[in-house]
Protein chains: 2
Amino acid sequence: MVLRKEAIKKKTGGAYRHGDLKTAMKRAALRLVQEKGPRGFSINEASRLAGVTVAAPYRHFADKESLLAEIAVDGNVLLLQQVNEAVSRVSEVKQKMLESGMAYLRFSANHPDYFKVMFGAGLDRSKYPEAERTLRSCFDVIWELSHLIESTPELAAQRAVSGWALVHGLATLTADGSLATAIKPQTHLEHLRPLVQRFLDQPYSTTT
Amino acid sequence: MVLRKEAIKKKTGGAYRHGDLKTAMKRAALRLVQEKGPRGFSINEASRLAGVTVAAPYRHFADKESLLAEIAVDGNVLLLQQVNEAVSRVSEVKQKMLESGMAYLRFSANHPDYFKVMFGAGLDRSKYPEAERTLRSCFDVIWELSHLIESTPELAAQRAVSGWALVHGLATLTADGSLATAIKPQTHLEHLRPLVQRFLDQPYSTTT
DNA sequence: ACACATAAGAGAACGATGTTTACATTGAGC
DNA sequence: GCTCAATGTAAACATCGTTCTCTTATGTGT
């Protein structure tokens, strides 16, 4: 059913068909969001960049927000890959937890364009099950690691939620420059490692 | 220089002058952002709500983004007030730290409209010094408390940054529903208190 | 080789939006 | 009562999101 099209540009000169407008639009959108922020992206300008009429993208996306949503999905999948890869590089459980967090931070630093679309574009994820699902699958990695570390489900949930929150907070605050004034010299994200490390070293044993 | 205008509605019937269009526009914008998300707010609809022509708001705001920026400043000030108040209610330093975090979470829960504009509208704070300054002053509260708790500036900075990140992450993730699947039953933010509490209980002594 | 169904763009049109400009109305102070 | 600044209206413009209808490659079966 789904027609998988290779992005091979046939050398037909000008080319009436674009070849792969879908990814071209995504790339243009990412670029615009990166350059001018989430509210600086328009379908018109993106299609201009792709060298195509404004109506053409509507063959590939239902509307503007769906375009953003598909990009968000791509970002989520990419994030999941990188987190999984980082986790699989170490064997000890707490190490896995640490590396998952660092992978998250690395992602937000290396792909600020995706990150902005995923979390800074005011996207209503509840309207896009695929976006919800892929993001959730990222969280599940942390969730399951927490359950291997902690003895009770309550403690595991708490560790997962607060770990995710800490890392996500660090990522968003650095992404939008809120932390720029506080940790000026450290642009290198490895400086954030002790923060995550220390968080992991919490006793996390008693009380409810 | 600045004309401080009281929002007193003269009973002049229909009223050519609005009375206080500035705050009326802010309120309308907050309502729209709350109802339909950051991208669901338009100057046109907001001025319609305020019962005024689309051009009228431009007497009070340079452009759409400036309007958002002013609302963000209001939100920052409100946040600072509530954090300060919460801090002053307890005497012990670590308690102050805890209460500042809880005040932050309370703010995000009680004023989701302001919070969305402040952090979820893709606002470029670097273009609005006042927004940057007021947000920074909120962070300074945590910053100074950290320096009272920790012995070295490095540890203090780390505690401040990670504390701010943890709380901000919890706030944003719950605000946009990302955590809804993980902590379903707990809508009451007091459930988040142990997370912050536990974070505070970290030894935070050795290593760099 | 050919006709044809179809995917994918073109082009024009619509209403809504952000913003500017020129003009009108109001109230306050002299 | 006149003037002036503040604040509104009305109309205009470019841009945007979106939807039509029409056109053109493309590849498939015969």
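Heavy atoms only: backbone and side chains are in, while hydrogens, waters and symmetry mates are out. Numbers restart at 1 for each chain; the letters A, B, ... are given by sequence-line order, proteins then strands.
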Write down the atom of A:Ala46, the atom of A:Phe41, and the distance for their closest heavy-atom approach. CB-CE1, 3.8 Å

Contact summary for B:Leu123 and B:Ala69, nearest pair of heavy atoms: CD2-CA, 3.8 Å

Surrounding CZ of B:Arg39 (heavy atoms of other residues, nucleotides or ligands, distance under 6.0 Å), is the total greater than 12? yes

Can you tell me how far [atom2] of [N] sits from [atom1] of [X], to the nearest Å?
{"X": "A:Leu21", "N": "C:dA10", "atom1": "CG", "atom2": "C1'", "answer": "12 Å"}
{"X": "A:Leu67", "N": "D:dT18", "atom1": "CG", "atom2": "C1'", "answer": "14 Å"}
{"X": "A:Lys22", "N": "C:dG9", "atom1": "NZ", "atom2": "P", "answer": "12 Å"}
{"X": "A:Arg59", "N": "D:dT19", "atom1": "CZ", "atom2": "P", "answer": "12 Å"}
{"X": "A:Met25", "N": "D:dC16", "atom1": "CE", "atom2": "P", "answer": "12 Å"}

OP1 or OP2 of D:dA6 versus the side-chain N and O atoms of B:His60: is any pair under 4.0 Å? no

For nucleotides 11-19 of chain C, 5' to 3', base contacts (B), sugar-phosphate-only contacts (S) and non-contacts (-) with protein non-hydrogen atoms under 4.0 Å give B-----BSB

Does the salt bridge (charged side-chain N to carboxylate O under 4.0 Å, His left out) test come out yes or no for A:Arg159 and A:Glu150, once each step is laid out? CA-CA 8 Å; A:Arg159 181 182 280 276; A:Glu150 295 296 334; 2.8 Å; yes

B:Arg48 side, atom CZ; B:Ser42 side, atom OG - distance, nearest 0.5 Å: 6.0 Å

Quick check: A:Phe115 with A:His111 (ring centres under 6.0 Å apart)? no

